[in-house]
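Read the structure below first, then the notes.
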Amino acid sequence: MHPIPQRCARRPLAGGLVVPWVSLIHGGHAAFGSLDAERARTAFLHRLCQICGQHMDERCFLVVRLADVTQGCSPEPALHPECLSYAAAHCPMLNGTATHYRQRPILASHPAGRPCADPSCPCPALSPDEGHAARSGSPTDRYEAWMIHTQNYRLVFPPDRPDVPVGISLDVPVLRRRVLRTAELTAEQERLMGLVRSLVDGNP
């Protein structure tokens with residue numbers, strides 16, 4: 001088992017695993033794979049690591065899928081290098097254990113196979129969002145980690161919500177790439193990914 005990073009020594013555990021700082025806590029249970037919207041927003045705005053909740057250093061990693069490249073931003077908060085290594089070792093989506101995306105949103109069966117019955121609970125709606133609906137039940141994507149310098153950390157905002165970032169811009173110099181898990185890409189996806197890498201690296 002990959003050791004817990006020193007940065008995460010004070011983070012709570014669930015099933016022996018570190019509960020990421022941005023994870024939704026619902027009914028006293030950590031909903032791994034579901035983000036607390038307010039914490040995610042705070043992490044984006046204050047440059048906090050999604051795992052340990054501490055400020056970024058000189059360099060950080062962004063988790064990137066092909067769909068994120070197309071959209072131009074990574075939709076998750078950044079990570080410290082050591083926190084990324086821990087997440088890559090234990091997250092089923094990153095370590096290859098999960099071969100398909102969930103068919104149902106995580107809270108539809110959390111924490112005991114029942115939807116939330118508390119009308120005052122601030123948890124997200126149980127109906128899947130557009131991103132989940134598009135991926136539901138489909139094979140998992142290829143995931144990469146892109147290291148960037150924090151001086152190039154730029155947020156992307158939707159035109160109608162300048163206070164709510166949708167992700168971290170990928171239109172920046174990339175210092176290093178690491179493949180976290182592979183996926184079966186179509187010929188067109190391979191072509192697009194190769195083109196994007198060439199553009200990012202400055203090679204026409």
- Looking only at heavy atoms, which two atoms of Tyr153 and Ala78 are closest? And how far apart? CE1-CB, 4.2 Å
- Could you give me the CA-CA distance, side-chain angles and deciding distance for Asn95 and Arg181, then say whether side chain to side chain contact (heavy atoms under 4.5 Å, CB included) is met? CA-CA 6 Å; Asn95 66 19; Arg181 70 166 295 161; over 6 Å; no
- Is the backbone N or O of Asp171 less than 3.5 Å from a side-chain atom of Arg154, with the two atoms forming a donor-acceptor pair by type? yes
- Val18 to Tyr86 - nearest heavy-atom pair and separation: N-OH, 3.1 Å
- Task: Hey, could you give me the OG/CD1 distance between Ser74 and Ile168, rounded to the nearest 0.5 Å?
- Result: 5.5 Å
- Under a 4.5 Å cut-off applied to non-hydrogen side-chain atoms, are Ile148 and Cys60 in contact? yes
- Separation of Ile51 CD1 from Ile4 CD1 (nearest 0.5 Å): 12.0 Å
- Item | Co-membership, hydrophobic cluster, residues Phe32 and Tyr143, 4.5 Å side-chain | yes
- Item | Test item: Val156 and Pro165 side chains (from C-beta on) under 4.5 Å apart, heavy atoms | no
- Is Asp163 paired with Arg161 through a side-chain N to carboxylate O contact shorter than 4.0 Å? yes
- Output the distance between atom CG (Leu35) and atom CD (Gln50), rounded to the nearest 0.5 Å. 7.0 Å
- Message: Could you check whether any side-chain N or O of Arg178 sits under 3.5 Å from a backbone N or O of Trp146, counting only pairs where one atom can act as donor and the other as acceptor?
- Response: no
- Item | Glu76 side, atom CD; Phe44 side, atom CZ - distance, nearest 0.5 Å | 7.5 Å
- Taking all atoms of both residues into account, what is the closest heavy-atom pair of His2 and Ser85, and its distance? NE2-CB, 3.8 Å
- Counting only N and O atoms by type, is there a donor-acceptor contact under 3.5 Å from the side chain of Thr97 to the main-chain atoms of Met93? no
- Query: With no hydrogens and no angle check, do the side chains of His149 and Glu58 hold a donor and an acceptor under 3.5 Å apart?
  - Reply: yes
- Message: Closer than 4.0 angstrom, basic N to acidic O: yes or no for Arg47 and Asp57?
- Response: no
- Nearest 0.5 Å, what's the CE-OG1 distance between Met56 and Thr150? 9.0 Å
- Query: Ignoring hydrogens and geometry, is there a side-chain-to-backbone donor-acceptor pair from His80 to His55 under 3.5 Å?
  - Reply: yes
- Query: Between Ile25 and Val19, does a side chain to side chain contact (heavy atoms under 4.5 Å, CB included) hold up when you go through it step by step?
  - Reply: CA-CA 9 Å; Ile25 305 299; Val19 176; 4.0 Å; yes
- Establish, yes or no, whether the cationic atom of Arg39 lies under 6.0 Å from the six-membered ring centre of Trp21 and within 45° of the ring axis. yes
- Task: Check whether Leu155 and Leu170 end up in the same hydrophobic cluster, where Ile, Leu, Val, Met, Phe, Trp and Tyr are linked by side-chain heavy atoms less than 4.5 Å apart.
- Result: yes
- Message: If I compare all heavy atoms of Arg142 with all of Val179, which pair ends up nearest, and what's the gap?
- Response: NH2-CG2, 3.1 Å
- Without swapping roles, check the side chain of Asp36 against the backbone of Glu38 for a donor-acceptor pair under 3.5 Å. yes
- Would you indicate whether the side-chain heavy atoms of Leu180 and Leu84 approach each other to under 4.5 Å? yes
- Evaluation steps, side chain to side chain contact (heavy atoms under 4.5 Å, CB included), between Ser34 and Ser23: CA-CA 6 Å; Ser34 187; Ser23 284; over 6 Å; no
- Message: Atom CD of residue position Gln54 - does it have more than 12 heavy atoms of other residues, nucleotides or ligands inside 6.0 Å?
- Response: yes
- Note on the structure: For Leu62 and Ser169 the tightest heavy-atom approach is CD1-O, 4.1 Å
- Message: Count I, L, V, M, F, W, Y as connected when their side-chain heavy atoms are under 4.5 Å apart, and connections chain through other members. Are Leu66 and Val166 then in the same cluster?
- Response: no
- Does the Asp141 side chain pair with the main chain of Arg65, one donor and one acceptor, at a distance under 3.5 Å? no
- Might you work through the side chain to side chain contact (heavy atoms under 4.5 Å, CB included) test for Glu82 and Arg7, ending with a clear yes or no? CA-CA 9 Å; Glu82 60 269 43; Arg7 292 179 184 276; 2.5 Å; yes
- Task: To the nearest 0.5 Å, tell me how far Leu17 CG sits from His90 NE2.
- Result: 6.0 Å
- Message: Would you say CD of Gln151 has more than 12 non-hydrogen atoms from neighbouring residues, nucleotides or ligands within 6.0 angstrom?
- Response: yes
- Message: Could you see if Leu48 belongs to whatever hydrophobic cluster contains Val164? Use Ile, Leu, Val, Met, Phe, Trp, Tyr and a side-chain cutoff under 4.5 Å.
- Response: no
- Identify the heavy atoms of Pro77 and Val22 that sit nearest to each other, and give their distance. CG-CG1, 4.2 Å
